[in-house]
A.B. asks: 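Sharing a structure with you now.
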There are 2 protein chains.
Amino acid sequence: MTMIDETQVKETSATHGAYLTLRDMILTGELPAGQKLKIEQLRGLLNTGASPVREALSLLTSDMLVERIDQRGFRAAPASKANFAEILALRCTLEDLALRQSIANATPDWEEQLVLTHHHMKKASGQGTKLFEEAHKTFHMALLANSESPMLERFCAQLYDLNIRYRYLAAKSATYQKRDVSAEHEEILDAAIQRDQDRASASLLNHYRLTGDYLSRALDI
Amino acid sequence: MTMIDETQVKETSATHGAYLTLRDMILTGELPAGQKLKIEQLRGLLNTGASPVREALSLLTSDMLVERIDQRGFRAAPASKANFAEILALRCTLEDLALRQSIANATPDWEEQLVLTHHHMKKASGQGTKLFEEAHKTFHMALLANSESPMLERFCAQLYDLNIRYRYLAAKSATYQKRDVSAEHEEILDAAIQRDQDRASASLLNHYRLTGDYLSRALDI
DNA sequence: TCCTCCCAAAATATCGATATTTATTGACAT
DNA sequence: ATGTCAATAAATATCGATATTTTGGGAGGA
C-alpha cells in the first residue's frame with residue numbers, strides 16, 4: 001500500500017487525479033492484474049470521495065485497464081500470454097499503418113518533432129526510470145502523430161500503455177535486457193526522416209517484435 | 001425532448017440503463033453531434049440521479065460517442081466528413097484483418113452462427129427499422145467473431161456504432177438507397193462459408209465502401 | 001456428507017445537498 | 001463603441017448518508 005504524496009498540488013479535479021494515479025498503479029503492477037478494486041479501499045488510498053473513484057474507474061474502462069461488472073464492481077483487467085500476443089499483433093498492424101501514413105504526410109514540422117523527442121529520449125536514458133518511460137512513449141507517439149487519423153493514434157496509444165504493463169510484469173522476473181535498443185531507435189528515426197516507409201515500418205516492427213519475444217519469455221503468467 | 005417509457009422494467013442498474021438510453025439517443029441523432037450534455041437536463045430526461053448520469057457519460061467516452069472536458073462537463077462527440085472518412089478507412093483495415101482471421105480459424109460452429117444471423121437479418125428486413133439495425137449489426141459482428149482477437153473485435157464494434165450515427169445523419173437528407181444490399185450480404189456470407197478470405201474480404205470492403213460513398217454524398221456537415 | 005435456504009455482513013449503487021468552478025451580465029473607464 | 005472587471009447566475013464536481021444488491025456462512029433437512 002502506497003501513500004499518496006500530500007504535497008502534490010491540486011492542479012486538476014479529484015477525478016482526473018484519481019484517474020492518473022490509478023492508471024499508473026495498474027500499469028506498474030502495484031494494483032495487480034485481475035485484482036478486485038474495491039471503492040472503499042481506493043477511497044482511502046486516494047483520500048477522496050467515492051464519486052471521483054467510480055468515475056475514474058469508469059474512465060479507465062476506456063483504456064481497457066479496468067473491467068466493470070455491472071452491480072459487482074470493478075477489477076484490474078486480467079493479463080495473460082494470449083492477451084499479450086494479441087496486443088503485440090495489433091500494435092504491429094496499427095502502428096505500421098499509422099507510421100506509413102505519417103511518413104506519407106511528412107512535413108518539416110513533424111520531422112523536427114521526431115528529432116527533438118528522440119533527443120529527449122536519449123538524454124533521459126537512465127533506462128528503466130519513469131522519465132525514460134515517458135520520453136520513450138513520447139518519441140513513439142511522435143512517429144505516428146502525423147497520420148492525420150486521430151482514432152488510429154488513440155488506438156495505438158492505448159495499445160502502447162497496455163504493453164507497458166507487460167513490461168513491468170516481465171521486469172519482476174528480472175532477466176536483464178542487453179539488446180542495443182538505442183541503435184534500433186536511431187534506425188527508425190533515420191528511416192522516417194528519409195521518408196522511407198518500408199524501412200521505417202520494418203525497423204519499427206522489428207523493434208516491437210524483439211521486445212515482444214523477450215517479454216514473452218520473461219512472463220510467467 | 002422525448003419522454004422515457006415509464007413502464008420499462010428496471011432489469012439493470014440505473015447507470016446501465018442511462019448508458020443504453022444515452023447511447024441510443026446519440027446514435028440516432030436525438031442528441032445531436034457536438035451538443036453540450038448537461039447533467040441536470042439529462043437527469044430529468046432519464047429520471048435518475050446525477051451519479052448514474054455522470055457514470056454513463058464517462059462510459060460513453062470509451063465508445064468515442066461522448067467527449068469529456070475536465071471541469072467543463074460533457075458533450076456529444078462532434079461529427080465531420082473527415083471523421084466519417086477516418087471511420088470508413090479504419091473499418092476497412094480492421095474488419096479486413098478480423099474477417100481473414102475468422103476464416104482462418106473457421107469452425108462448423110462459427111459457420112452455423114453466420115447462417116443463422118444472416119437468416120435473422122433477412123427476416124427482419126423491414127429495412128430501416130430498429131429490428132433490422134440490430135440484426136444487421138449482429139450479422140456483421142458474427143463474421144468477425146471467430147478472429148480470436150477480442151480487442152480487435154471490440155475496435156470493430158466501436159467503429160460500427162460510430163458509423164451508424166452517420167447513417168442516421170445522412171438519412172435526414174432523405175435520399176433513398178436503392179442498392180441491392182441483400183445481394184451484397186449473400187455474397188459475403190457465401191465467400192466466408194467457402195472460406196475464401198480474399199473474396200470474403202473484398203466483398204465486405206466493397207459493401208462498406210459503397211455505403212460509404214453513398215453516405216458521404218448524403219451528408220451535409 | 002452434501003444440498004438448499006435463509007440471514008447477516010460487506011460491498012456496490014444511488015440520492016440529495018453542498019462546495020467549486022465556469023459562464024454571463026452589466027457597469028465603468030478608455 | 002470597446003474592452004476590462006466584478007458580481008451574479010449556472011453548471012459541474014464532490015461529499016456523506018442511505019438504499020440495494022451480492023457474498024459468505026451456517027442451520028436444518030435429505
Side-chain angles (χ1 to χ4, degrees), chain A residues 1 4-23 25-26 31-63 65-78, chain B residues 1 4-23 25-26 31-63 65-78:
Chain A
M1 299 290 161
I4 304 305
D5 187 1
E6 295 288 351
T7 63
Q8 113 191 331
V9 193
K10 181 201 169 182
E11 294 179 16
T12 56
S13 58
T15 297
H16 192 238
Y19 171 79
L20 292 177
T21 306
L22 288 175
R23 171 199 173 83
M25 292 177 79
I26 293 172
L31 290 173
Q35 180 164 106
K36 184 96 209 297
L37 301 174
K38 298 183 194 169
I39 306 293
E40 203 53 31
Q41 160 203 339
L42 299 179
R43 225 193 61 83
L45 209 65
L46 306 162
N47 53 261
T48 183
S51 318
V53 172
R54 290 185 64 82
E55 220 168 299
L57 289 171
S58 294
L59 254 15
L60 283 165
T61 282
S62 321
D63 304 334
L65 287 170
V66 164
E67 284 184 0
R68 184 200 171 83
I69 314 137
D70 205 67
Q71 223 80 326
R72 205 158 309 180
F74 302 84
R75 65 164 171 169
Chain B
M1 300 289 162
I4 304 304
D5 186 359
E6 294 286 351
T7 64
Q8 118 190 329
V9 193
K10 181 203 168 182
E11 294 180 16
T12 56
S13 59
T15 298
H16 192 239
Y19 171 78
L20 291 177
T21 306
L22 288 174
R23 171 199 174 82
M25 291 175 79
I26 293 171
L31 289 173
Q35 180 164 104
K36 184 96 209 299
L37 301 175
K38 297 183 195 170
I39 306 294
E40 204 53 34
Q41 161 200 342
L42 299 178
R43 225 194 60 83
L45 209 67
L46 306 162
N47 52 259
T48 182
S51 318
V53 171
R54 289 185 65 81
E55 218 167 302
L57 289 172
S58 293
L59 255 12
L60 284 164
T61 282
S62 320
D63 304 334
L65 287 170
V66 164
E67 283 183 359
R68 183 200 173 85
I69 315 138
D70 205 67
Q71 224 82 325
R72 204 160 309 182
F74 302 84
R75 65 165 170 167

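Lettering follows sequence order; numbering is per chain, from 1. Computation of the quantities below employed the complete heavy-atom set of this structure, encompassing side-chain atoms and omitting hydrogens, waters and symmetry-equivalent molecules.
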A.B. asks: Tell me whether the OP1 or OP2 atom of C:dT21 has a side-chain N or O from A:S13 closer than 4.0 Å.
C.D. replies: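 Answer no for this pair, as no side-chain N or O of A:S13 is under 4.0 Å from OP1 or OP2.
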A.B. asks: Taking the nucleotide of DNA chain D with the closest heavy atom to each, which residue, B:S51 or B:E40, is nearer the 5' end?
C.D. replies: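 Between the two, 5'-proximity favours B:E40.
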A.B. asks: Under 4.0 Å, counting only non-hydrogen atoms across every strand here, what does B:L37 touch: a base, just sugar-phosphate, or nothing?
C.D. replies: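 Since only primed, P, OP1 and OP2 atoms lie under 4.0 Å of B:L37, the category is sugar-phosphate.
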A.B. asks: Using atom CG of B:L42 as one end and atom C1' of D:dT12 as the other, report the distance to the nearest whole Å.
C.D. replies: 13 Å
A.B. asks: Measure NZ/A:K36 against C1'/C:dA11 and give the value in whole Å, please.
C.D. replies: 7 Å
A.B. asks: Can you tell me if B:T48 touches the phosphate of C:dC15, counting only side-chain N or O atoms and a distance under 4.0 Å to OP1 or OP2?
C.D. replies: yes
A.B. asks: Round to the nearest Å and state the distance from B:Q71 atom CD to C:dT21 atom C1'.
C.D. replies: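 B:Q71 atom CD is separated from C:dT21 atom C1' by 6 Å.
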A.B. asks: Looking at D:dT14, I'd like to know if its phosphate oxygens (OP1 or OP2) sit under 4.0 Å from a side-chain N or O belonging to A:T15.
C.D. replies: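 A:T15 to D:dT14 OP1/OP2: side-chain N or O found under 4.0 Å.
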A.B. asks: Are the side chain of A:S62 and the backbone of A:L59 linked by a donor-acceptor contact shorter than 3.5 Å?
C.D. replies: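 Yes: the side chain of A:S62 pairs with the backbone of A:L59.
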A.B. asks: Can you tell me how far C1' of C:dA11 sits from CZ of A:R54, to the nearest Å?
C.D. replies: 10 Å
A.B. asks: Do NZ/NE/NH1/NH2 and the carboxylate oxygens of B:R68 and A:E55 come within less than 4.0 Å?
C.D. replies: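 A salt bridge links B:R68 with A:E55.
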A.B. asks: Rounded to whole Å, how long is the line connecting atom CD of B:E55 with atom P of D:dT14?
C.D. replies: 14 Å
A.B. asks: Please state how far atom CG in A:L46 lies from atom C1' in D:dT14, giving the value in whole angstrom units.
C.D. replies: 14 Å
A.B. asks: I'd like to know if the side chain of A:Y19 pairs up with that of B:D70 as donor and acceptor (distance under 3.5 Å, no hydrogens or angles considered).
C.D. replies: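 Short answer, no.
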A.B. asks: Any donor and acceptor pair, going by atom type alone, linking the side chain of A:R43 with main-chain N or O of A:A50 inside 3.5 Å?
C.D. replies: no
A.B. asks: Rounded to the Å, how far apart are B:H16 NE2 and C:dA13 P?
C.D. replies: 12 Å
A.B. asks: Report the distance from atom CZ of A:R72 to atom P of C:dA13, rounded to the nearest whole Å.
C.D. replies: 10 Å
